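What follows is a single structure, written as C-alpha cells, with notes after it.
None of the values given here were measured: they were computed from a predicted structure. Per chain, numbering begins at 1; letters A, B, ... match sequence-line order.
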Amino acid sequence: MKDYDPSTIEAKWQRRWEEAKAFETDLKKAKDPYYVLVMFPYPSGDKLHVGHWYNFAPADSYARFMRMHGNDVLEPMGFDAFGLPAENYAIKSGIHPDTSTRSNVQTMVKQLRRMGCMYDWSKMVNTSSPEYYRWTQWLFLQMYKHKLAYKKEASVNFCPQCQTVLANEQAQDGKCERCGTPITQKSLAQWFWKITQYAQRLLDGLEDLDWPDKTKLMQKNWIGRSEGINFRERVKDLDIEFEVYDSIPQTFLAQTFTVIAPEHPLVPKLVAGTSYEKPVMEFVERIRRKKLADKFKIEEEAEGIFTGRYVDNPFGTGDLPIWVCSYVLADYGTGIVNCSAHDERDFAFAKKYNIPLKVVLLPKDHALAEKVKNLEVFYREPDGIIQTPGAAFGMTWEQSRKRVIDYIEMKGFGTTRVHYRLRDWLISRQRYWGAPIPIVYDPEGNPHPVPEKHLPWLLPEDVEFKPTGKSPLTYSKEFIKRTENLFGKGWTPEFDTMDTFVCSSFYYLMYLSSEGFGMQAPHFSETGEGKGERNHLIDPHVERTWMPVSMYIGGPEHACMHLIYARFVMMALKDAGIVSHEEPFQRLVHQGLITNKGAKMSKSKGNVVSPDALVERHGSDAFRMYLMFMGPFTDGGDWSDTGIKGIDRFVQRIFRILPEKMNKKCEQSSALRSGLHRTIKKVTEDIAALRFNTAISALMELLNSMERETAIPLETALTYVKLLAPLAPHIAEELWEMLGGKGFVIDQKWPTFDPAFIKTDTLTIAVQVNGKVRGEIEIPADASKEDVLKAAKDQPNVRKFLEGHALKKEIYVAGKLVSLVV
RNA sequence: GCCGGAGUGGCGGAAUUGGUAGACGCGCACGACUCAAAAUCGUGUGCCGCAAGGCGUUGAGGGUUCGAUUCCCUCCUCCGGCACCA
C-alpha cells in the first residue's frame, strides 16, 4: 500500500471540484439555502497566516457538514481591501495601494484555493474595486436621502499617528484601534451616520439572535441604555430654560451646584455682558485649544470656572451656582448636570473649588457616618439610608429610587427619560485608500449628493500619500476639475473618504448580488472585478431567501464595531425598503485567537506563522484537522506544531487500514456496529456544535477499534469516509473513489444512527462504598435494580468493605453506578 | 473602579440536568523490526506495590451531598470588555 501523498491527491480533487463547478451555488434555485460566512480577510502583504486557517477551515468543515445534510450551501470569499496598511505601505515604498492590493489579493486567492474549501469564487468581492465601492457610495446616498447621514462640527477622536479621525468604536482603551497611538480629542466638521436613531432597536434585536451571550452583553453595554430624569430648570435673572439629565435622581435634594460642558452653546449666553464673560470665555478657549493641540487628556484633573449665574432651583433647596467644567461631556444627556456630594467626581470638584455640599445619605456605621457628615469621605452605597425628610426618609438608597422618581414626576420637576451611551458613527477619514464620500459643495459651501448616475465617484489617482492632516484627495487636480466640469465653477468635492467599516457593513449582501435581476452575468477575475452593472443592490427574492446569514464566523474584536455597524445598516436598508430582514446575522460564533509565544501574531512583532511549509509537508487536510484537534474552536491557543505528527499518523492509518481491512463479504461484528453508530451520533452532534476536536477524537477511536477487527464490511468503510468528509475533504474523496463510491463524497447523504444499535447487551457498573469506588460488576443491560444491588454486594472487594458494618443506604444510578453507605 | 469568562497530568485537551476524573493525541520510557538510524508496530505512562489492592487528585480554603471538575460561599491568579456617561 502506498503512503498517502497529499500534494498530488489534493491538487487532483481541487481540480475535479472546480471542473464540476461543484461549489457554485445557484442562488435563485436553492430550496434549502444555508449561508455560511466568515469575516472576509484584509489582503495584507503578510498573506494567509495560521489564524486565517484556524478561522476558515473549521467554517468550511461546518459548511460541508450542512451540505451533506441536504442544504444548498453558499460559502463565499472576498476581500476587505480598503484601509490603512496598503496606504502606509504606499507611503513607505511609493507603490500605489491599488497595485499592492491587487497583487496581495492574487496571492491570497492562490493560497485560499489550496485550502480546498467550498468557496464559490464566482461571487467573490473586493471592496476596493469601483464595481464594489459604487455600492458603498450608493449606500451613503441612501443614508443621506433618509436623513441618516449628516455633517457637523464635533469633538472627535483623532489619531496623531494615522492623521485621521476615528469612530468612537475604533478608539479602544484610549488608543487607536489600528496603530495603538494614544487618541486625542479634536473639534472638526465631519460626516456622521445616525446610528443613535436605532439604539433601542439595536438593543431589542439582540434578544432573538443566536449569538454568544458575551457578545450580546458587550453590545448592550456599548449601547448603554440608561433611564433617569430630565429636570426642567431656569437660569435665574435670565430668560433661559434648559434640561438636566440625571440617572440617579435620589440625590436631587442634595444637589448644590450645576456644571455645564465647555462646548455647550449656552455658555456664551450665560456670561454675555457680565464681568464673568472674559474669564469664562478664556477658560472655554483654553480647553478648546488643548483639544485642538492634541493635548487634552481625559484622565487629567477636572478644571472649572464659575459663570456668575444660578439655577432657580425649583426644589426649594436653594439656588445652584453654574460652573463650566472640563469633565462634562457635551454629547451625553443634555451636556448640563446637577451635582451633589454623592457623586465621586462632583465631590472632588466641589472640594477643590470650595463649593458647599449637602449630605442626604448616611451609612449605618456611626463612626463612618460622622466622617460622611463632616464631608471627610465620599459616600454612596446601595444600603445607605436616606436622611431627607419626606416619603423616602429611612429607605435605603436602592429602595428609594422609584419613590423619588414618582415624587419628582408628581411635583412636575421633571420627567423620566432614556439616554444612550451610543454615539453617532463618525464615517469620515482623512485618508486616501477608501471610498470617496459622494458629496460635492456648491460655492456657498452647501453639500449636495453626487447623483447616482455619476457613480462610481472614482477615487482619483494624482494624489500625495503623505499624511499631513489634510485629506490626500485635496492634492488631486483631476478630482477638483472633474467636480467643476460636472457641477460648475466654484464647486468642490468632499475630500474625505469613508471608514472601511462602511464597506464591510453590507458585503454579505454583495455576495448575493451577482445574480440579481437586471444585472449582467458575473464573471470571475483574479481581482474580483468585472461584476456587471446593475440598478439594484440586491434581488429582493434572493435577499428574502438567503438572508439572514445562517452561520457567521469571525473574531470577537468586532463585537462593538463591524457587528454593530452591519446591524444598523441592515435596519436602515430595511426601513428604506431595500431589504426585507432587519438582522444580518442569525447565528454568530467567534473562533479563538491563535497566539505565538503568548502574543497576538503581527508583522511588527515578527511572530507571524506562515502555514505554507506545513501544508506543503502534511497537506491541507492534515493541517486543518490539526488546527481543529488542538482544542475547542472558540478557544484558540498558543501556536505550536508539536502534535501535528499525531494527525499525520491518523491520516496515514486511515489511508492504510480502510482499504486493507475492507472485505465486501464480511459480516459486521456487533461490537463494531455499536461503535460505528455511537461514532455517527457523536460526530454528528459534535460538528453541529462546532466541537471539531472531539469529533476527530471519536473518529480516531473508531479507527482504533476497526484496526482490531480482522475485516470490515464495505458499508462500514464507506460510512466512515462520509463521516470524515467534512473534516478531511480531499482524503475522503480519494478513499470514496478507491472504495468504489459514486460521485463526490461531498454530495452523499450524511449517515444516520440507529439508537437500537448503540445499546450493548452488558453494562459495566461501578460500585462505591462510602463514596469510594471499590469494584466493578458486569450486568445484563436489562437487569433489575434488585439484581444489580445484589450483584454489587456480592462483589468480593465490595464485600470486604461491607463486612462488620450496617448498611445505611443503597443508591442505584441506572446503567452507571451503585453507591452503598455503611 | 464596573461588567463578563477561565484555572484539570510533562504538554494540547476530554468528561458538567452532580455519578468510575484524565477520553483522544503529543511527549517520554521500554520492547519488536534494523548492521544502525528514521519510519512503523507493541506495552507502559498520578503515587505506593511483583501483584491483589491501597492512597491521592481538577488554583487555595470552606460548605451542601451517599457522591462535587460540575452547585453555594470566601480568597488567589490569568484573560477579555467598558470606564470622567453624573
Side-chain angles (χ1 to χ4, degrees), chain A residues 3 172-174 212-222 224-226 228 244-249 251 255 259 297-302 325-329 331-340 342-349 380 419-423 556-557 559-560 590 593 595 598 626 629-632 634-638 640-650 652-653 656 691 693-704 707 764-776 796-797 800 808-822:
Chain A
D3 279 357
Q172 295 173 349
D173 207 14
D213 288 339
K214 189 185 164 154
T215 311
K216 290 197 203 179
L217 188 68
M218 275 168 68
Q219 286 210 353
K220 196 181 155 206
N221 291 341
W222 188 259
R225 184 191 157 101
S226 138
V244 172
Y245 178 66
D246 195 344
S247 73
I248 41 171
T251 54
Q255 291 167 354
V259 288
K297 300 273 177 347
I298 52 175
E299 59 273 14
E300 270 172 23
E301 202 185 340
C325 175
S326 67
Y327 68 70
V328 185
L329 300 170
D331 54 357
Y332 182 78
T334 62
I336 312 176
V337 187
N338 284 354
C339 300
S340 78
H342 297 292
D343 178 277
E344 207 159 1
R345 282 156 312 168
D346 298 347
F347 185 84
F349 185 79
R380 182 174 93 199
H419 282 273
Y420 301 90
R421 215 197 297 249
L422 186 71
R423 303 299 159 74
E557 67 274 16
C560 294
H590 298 304
L593 178 70
T595 55
Y626 173 61
F629 189 61
M630 270 172 62
T634 49
D635 279 12
D638 204 45
S640 152
D641 60 5
T642 62
I644 193 165
K645 212 170 172 179
I647 292 291
D648 207 75
R649 281 183 195 145
F650 175 52
Q652 296 293 346
R653 286 176 65 226
R656 197 185 65 240
R691 291 190 300 252
N693 53 334
T694 47
I696 293 171
S697 72
L699 285 169
M700 285 174 169
E701 282 177 83
L702 183 59
L703 186 70
N704 290 345
E707 196 178 19
T764 308
I765 303 283
V767 185
Q768 295 183 340
V769 181
N770 284 353
K772 292 205 170 184
V773 180
R774 295 304 181 182
E776 279 180 357
N797 197 53
K800 212 168 81 192
K808 276 201 212 148
K809 205 173 190 177
E810 39 187 43
I811 295 154
Y812 173 50
V813 182
K816 296 248 162 120
L817 62 68
V818 170
S819 184
L820 302 169
V821 187
V822 293

Check every strand shown and say whether [X] touches a base, only sugar-phosphate, or nothing at a heavy-atom separation below 4.0 Å.
X	result
D213(A)	nothing
P556(A)	nothing
I248(A)	sugar-phosphate

Just compare [options] and give me whichever is closest to any side-chain atom of [X].
X	options	result
E707(A)	G4(B), G42(B), G19(B)	G42(B)
R421(A)	G13(B), C85(B), C26(B)	C85(B)
R649(A)	U20(B), C66(B), U40(B)	U40(B)
T694(A)	A86(B), C66(B), A15(B)	A15(B)
S697(A)	C84(B), A23(B), A14(B)	A23(B)
V813(A)	G25(B), C3(B), G19(B)	G19(B)

Counting only side-chain nitrogens and oxygens, does [X] get under 4.0 Å of the OP1 or OP2 atom of [N]?
X	N	value
N693(A)	A14(B)	yes
K645(A)	A39(B)	yes
R774(A)	C55(B)	yes
N797(A)	G54(B)	yes
K772(A)	G56(B)	yes
R380(A)	A86(B)	no
K809(A)	C66(B)	yes
N704(A)	G25(B)	yes

Check: Side chains of N770(A) and V821(A): does their closest heavy-atom pair fall under 4.5 Å?
Finding: yes
In whole Å, what is the span from the [atom1] atom of [X] to the [atom2] atom of [N]?
X	N	atom1	atom2	answer
I644(A)	G27(B)	CD1	P	12 Å
L329(A)	A86(B)	CG	C1'	9 Å
R691(A)	A23(B)	CZ	C1'	14 Å
E776(A)	A52(B)	CD	P	13 Å
I336(A)	C85(B)	CD1	C1'	15 Å
L699(A)	C24(B)	CG	P	14 Å
R225(A)	C3(B)	CZ	C1'	19 Å
Y420(A)	A86(B)	OH	P	14 Å

Next item on the list: In sequence, state the C-alpha distance, the side-chain angles, and the governing distance for Y327(A) and F349(A), and then conclude on ring pair (Phe, Tyr, Trp, His ring centres under 6.0 Å).
Entry: CA-CA 10 Å; Y327(A) 68 70; F349(A) 185 79; 5.7 Å; yes
For the backbone of [Y] and the side chain of [X], can you confirm whether one donor and one acceptor N or O come within less than 3.5 Å of each other?
X	Y	value
Y245(A)	V337(A)	no
Q219(A)	A559(A)	yes
N797(A)	R774(A)	yes

Notebook entry, point to check: What form does the base of G25(B) take, syn (within 90° of 0) or anti?
Noted result: anti
Check: Which residue lies toward the 5' end of RNA chain B, F629(A) or R653(A), if each is placed at its nearest nucleotide?
Finding: F629(A)
Notebook entry, point to check: Nearest nucleotide by nearest heavy atom, which residue falls closer to the 5' end of RNA chain B, T764(A) or Y332(A)?
Noted result: T764(A)
Item checked: Pairing nucleotide - U70(B), Watson-Crick or G-U, each distance under 3.5 Å -> none
Note to self: Let's test this: given Watson-Crick or G-U wobble pairing with both distances under 3.5 Å, identify the partner of G42(B).
What the structure shows: C30(B)
